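Here is the structure we will look at, set down as C-alpha cells.
Just the heavy atoms: all of them, side chains too, but no hydrogens, waters or symmetry mates, feed the values below. In this text the structure is predicted, and so the values were computed from the model without any measurement. In what follows, every chain begins at residue 1, and chains take the letters A, B, ... in the order their sequences are listed.
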2 protein chains.
Amino acid sequence: MPYKEKSETDIKLYYTIGEVADKFGVNASLIRFWEKEFEALRPKKNATGKRLYTKTDLENLQLVYNLVKIEGYTLEGAKKVIDGKLFDNRKDKKIIRSLQEIRMFLHGLRNAIENESPVQTPKDTFDKYDNIE
Amino acid sequence: MPYKEKSETDIKLYYTIGEVADKFGVNASLIRFWEKEFEALRPKKNATGKRLYTKTDLENLQLVYNLVKIEGYTLEGAKKVIDGKLFDNRKDKKIIRSLQEIRMFLHGLRNAIENESPVQTPKDTFDKYDNIE
DNA sequence: TCCGATTTTTCTTTGTAGGGCATAATCTCT
DNA sequence: AGAGATTATGCCCTACAAAGAAAAATCGGA
C-alpha cells in the first residue's frame, strides 16, 4: 500500500501531487510554485519528501484556485484576502450596514410587541440573525 | 479661460489628466493605459484631443483603482467584477441570502400587522430595503 | 495687450522589469 | 519504469514607465 492509506471503509486519506494536479486541471509545477507563495498550501511530507495532501489541503488549494484562476486576483491580492485583511469593501459594507439597521429595527419592534401586545412573537426568528457580523 | 471651465460659483467641471494623476498619486501614463483596458475610463476629449475628466470619470477611476491597487485584482479580474460577472462569492452569498430571508419575513409580518392589528405600520421602513439586491 | 521665449503639460509610441508560471536536467524512491 | 523531488533556467505576457514630439500655459518686454 503506497501513500494512499485506506481505512477499512476505503476512504482515501492522502492524495499525491499528481492526483491533485489532475483534479484541478493544472500542472504539478504550479502546485509546487504556489506552495512557495502560500503558507496554507504546505502539505505534510513522508519520510522521503513526497507530498501528502489531505482533504483540508485540497480545500485550501481550492480557495487559492478560485481567487487566482476564477476571480482574477493576483497572487499578492489572494494573500491579502486569505489573511483577512480585506473583504470589508464595496457593496459588502453597504449590505452589512443594512443588516445592522434592520437588526436594530427588529429589536425595537420586538420590544414594542412584547411590551404592548399579546401577539405571539417569533423570537427565534429574530435571534437567528444576531451573530451575522 | 482654458479647460478648467468654471461656473459662477466656481465649481470645476473638468479635470486634466495631470490633476487626476496627482489626486490618485499615480503616473499619468497609467491612467492612459487603463483607459485602453476599461471602457468605463474613456473621458471626453476637447477639440485638440486633450482629455477632460468629469466627477463621474473620477468615480469610475476610483473603482478601478480600488480593485487593482487596493484589493489586488488583475486587470482582467477587475473587468469581471465591473461587468458584474462575479461578486456572488464567498461570504457575500450568505449575507444576501440572509437579507432575502429577512425581507420575506418582514413582508409576512407587515401583512399580518395590516390585516389583524390597528397598530401603526412603519411602511416606508420596510420599503426601504426592497431593492437592496 | 500683443509677441516671442521659456517652461510646463499632454500627446502617442516604444521600451522593459518582473509576475507567473513551464520546461529541462538530474536524482531518489518504490 | 514511472512518479515525484529539487534546482536552474527560460520565457511569455502583464502592467506599467520612459522618451520624444507637440501643444498649452506662463512670463517679460515693448
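- Counting only distance, with no hydrogens or angles, the side chain of A:Thr74 and the backbone of B:Gly72 share a donor-acceptor pair below 3.5 Å.
- Remark: P of D:dA23 and CG of B:Asn46 are 13 Å apart, rounded to the nearest angstrom.
- Listed by residue number, A:Asn27, A:Ser29, A:Leu30, A:Phe33, A:Trp34 are the residues of residues 26-38 of chain A with a heavy-atom contact under 4.0 Å to DNA chain C.
- Separating the CG atom in B:Leu67 from the NZ atom in B:Lys79 is a distance of 12.5 Å, to the nearest 0.5 Å.
- The distance from atom CG of B:Asp22 to atom C1' of C:dT8 is 13 Å, rounded to the nearest whole Å.
- Nearest to the side-chain atoms of B:Thr16 among the listed nucleotides C:dT10, C:dC21, D:dA5 stands C:dT10.
- When rounded to the nearest whole Å, the span between CD of A:Glu76 and P of C:dG19 equals 8 Å.
- Taking 4.5 Å as the limit, some side-chain heavy atom of B:Tyr53 sits within range of a side-chain heavy atom of B:Ile31.
- Rounding to whole angstrom units, CD1 of residue A:Ile17 and C1' of D:dG4 are separated by 8 Å.
- Take A:Asp22 and apply the side chain to side chain donor-acceptor pair (under 3.5 Å) test, not counting sequence neighbours, and it matches no residue.
- Picking from C:dC21, C:dC11, D:dG4 the nucleotide with the shortest atom distance to the side chain of B:Arg51 gives C:dC11.
- Remark: of the listed residues B:Tyr73, B:Trp34, B:Phe24, B:Trp34 is the sole one forming a side-chain contact (heavy atoms from CB on, under 4.5 Å) with B:Val64.
- Which of D:dC16, D:dG4, D:dA24 sits closest to the side chain of B:Thr48 comes down to D:dA24.
- Side chain of B:Lys50, nearest nucleotide from C:dT12, D:dA5, D:dA25: D:dA25.
- Side-chain atoms of A:Lys23 do not come within 3.5 Å of backbone N or O of A:Leu58 as any donor-acceptor pair.
- Residue A:Leu75 contributes atom CG, which lies 12 Å from atom C1' of C:dG18 at whole-angstrom precision.
- The CG atom of B:Leu52 sits 11 Å away from the P atom of C:dT10 (whole-angstrom rounding).
- Nearest heavy atoms, A:Arg42 versus A:Glu35: NE-O, 2.9 Å.
- Atom-to-atom, CD of A:Glu19 to C1' of D:dG4 comes out at 12 Å; the value is rounded to the nearest Å.
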